[in-house]
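Structure first, commentary second.
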Amino acid sequence: MAEQLGSSIGKLGFGFIRLPKRADGSLASWAIRYAASLEGVITVLSGMSTLEQVDDNLSYMRDFKPLDKNERAAIEAAQRAIAEVESIPCTACHYCTGGCPMSIPIPEIFAARNRQLVWNQGERAQREYEKAVGAEGAGRASSCIECGQCEAACPQQIPVITWLKDCAEAFE
């Protein structure tokens with residue numbers, strides 16, 4: 001993939017992941033074109049918060065071109081590289097926190113742990129953990145009573161209780 005030069009989609013502990021350069025290709029365009037190129041997809045929704053983002057989306061969807069063979073190969077390589085990095089696949093939806101009897105800020109704790117696992121930023125992760133559990137009324141990872149409410153609510157089907165134990169070991 002030496003010919004694939006261009007935008008870096010992320011820097012993980014093992015280096016940069018590169019996508020083939022496109023004159024009109026933002027990172028968002030890659031994500032949306034990927035989703036829209038999947039077989040059977042007829043609608044792609046994109047969250048936008050600025051007029052520039054709207055313009056960007058319109059620029060590549062107006063005359064939509066599915067990902068070509070080289071672009072798909074680059075995405076697949078990025079997927080493989082990202083899959084090799086242990087992380088908690090939390091999207092911070094907070095469905096898990098509403099009914100938590102211990103008021104544990106689960107997404108914030110998981111974000112801190114991911115900072116440690118993915119980016120190897122232990123000190124910053126510890127500070128983020130302490131900030132999350134230091135909020136008034138917030139429980140620590142070790143406060144979990146294993147009621148399972150969080151796991152039943154999680155749309156990502158994350159084994160929350162197991163990961164909270166891991167976070168308690170890592171941060172407390």
Side-chain angles (χ1 to χ4, degrees), residues 7-17 19 26-50 53-54 56-57 74-172:
S7 300
S8 151
I9 63 167
K11 184 176 185 328
L12 302 177
F14 50 83
F16 282 95
I17 300 166
L19 297 175
S26 67
L27 295 180
S29 77
W30 277 89
I32 294 172
R33 286 182 59 238
Y34 170 79
S37 295
L38 296 173
E39 189 174 325
V41 172
I42 58 172
T43 303
V44 178
L45 300 177
S46 171
M48 299 167 279
S49 55
T50 68
Q53 292 170 344
V54 173
D56 181 45
N57 284 352
I75 295 288
E76 289 166 5
Q79 288 172 323
R80 285 190 302 274
I82 291 168
E84 290 178 10
V85 178
E86 182 181 28
S87 65
I88 307 169
C90 179
T91 61
C93 68
H94 281 269
Y95 294 164
C96 57
T97 58
C100 177
M102 304 309 290
S103 300
I104 300 171
I106 297 166
E108 290 77 11
I109 290 173
F110 286 176
R113 185 67 170 125
N114 278 339
R115 180 166 302 284
Q116 192 177 51
L117 291 170
V118 176
W119 303 101
N120 198 27
Q121 295 178 346
E123 290 179 17
R124 184 168 173 189
Q126 185 69 46
R127 286 192 305 271
E128 288 178 7
Y129 175 79
E130 294 302 332
K131 180 179 178 184
V133 301
E136 187 175 336
R140 301 179 73 76
S142 61
S143 302
C144 178
I145 60 172
E146 301 183 31
C147 68
Q149 179 284 142
C150 52
E151 292 186 356
C154 180
Q156 306 303 319
Q157 301 179 341
I158 297 169
V160 176
I161 295 167
T162 300
W163 275 112
L164 282 174
K165 288 178 183 178
D166 173 84
C167 292
E169 287 179 26
F171 294 124
E172 296 178 16

Which atom pairs, one a donor and one an acceptor, fall under 3.5 Å between side chains of residues 98-106 and the rest of the protein, sequence neighbours left out?
none

Q. Does the pair Tyr129 and Gln116 meet the rule for a side-chain contact (heavy atoms from CB on, under 4.5 Å), with working shown?
A. CA-CA 10 Å; Tyr129 175 79; Gln116 192 177 51; over 6 Å; no
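- Of the inter-residue distances, the one linking Gln121 atom CD with Asn114 atom CG reads 11.5 Å to the nearest 0.5 angstrom.
- With sequence neighbours left out, Glu151 forms a salt bridge (charged side-chain N to carboxylate O under 4.0 Å, His left out) with no residue at all.
- Contact annotation: the side chain of Leu117 never approaches that of Val85 to less than 4.5 Å [non-hydrogen atoms, C-beta and beyond].
- Between the side chains of Gln79 and Tyr34, at least one donor N or O lies within less than 3.5 Å of an accepting N or O.
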Acceptor/donor pairs from residues 154-165 side chains to any protein atom, 3.5 angstrom cut, sequence neighbours excluded:
from, atom 1, to, atom 2, distance (Å)
Lys165, NZ, Glu146, OE2, 3.2

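- Residues Gln126 and Glu123 are not in side-chain contact: their nearest non-hydrogen atoms beyond the backbone lie 4.5 Å or more apart.
- Scanning all heavy atoms of the two residues, the minimum distance from Gly139 to Val133 falls at O-CG1, 3.5 Å.
- Applying the salt bridge (charged side-chain N to carboxylate O under 4.0 Å, His left out) definition to pairs two or more places apart or across chains, those involving residues 132-145 are Glu130-Arg140, Arg140-Glu172.
- Residues passing the side-chain hydrogen bond (donor to acceptor under 3.5 Å, both in side chains) test with Ser37, sequence neighbours excluded: none.
- Note that the CD1 atom of Ile75 and the CZ atom of Arg33 stand 9.0 Å from one another [nearest 0.5 Å].
- Looking at every heavy atom in both residues, Ala125 comes nearest to Arg115 through N-CD, 4.0 Å.
- In terms of heavy-atom proximity, Ser87 sits nearest to Val118 at CB-CG2, 3.6 Å.
- How far SG of Cys90 is from OH of Tyr95: 12.0 Å, rounded to the nearest 0.5 Å.
- Between Cys150 and Cys96, the shortest heavy-atom distance links the atoms CB-CB, 3.7 Å.
- Distance check: Ile109 CD1 to Cys167 SG gives 6.5 Å after rounding to the nearest 0.5 Å.
- With sequence neighbours excluded, the residues that form a side-chain hydrogen bond (donor to acceptor under 3.5 Å, both in side chains) with Arg124 are Glu128.
- Here the shortest heavy-atom pairing between Ala92 and Pro107 reads CA-CB, 3.8 Å.
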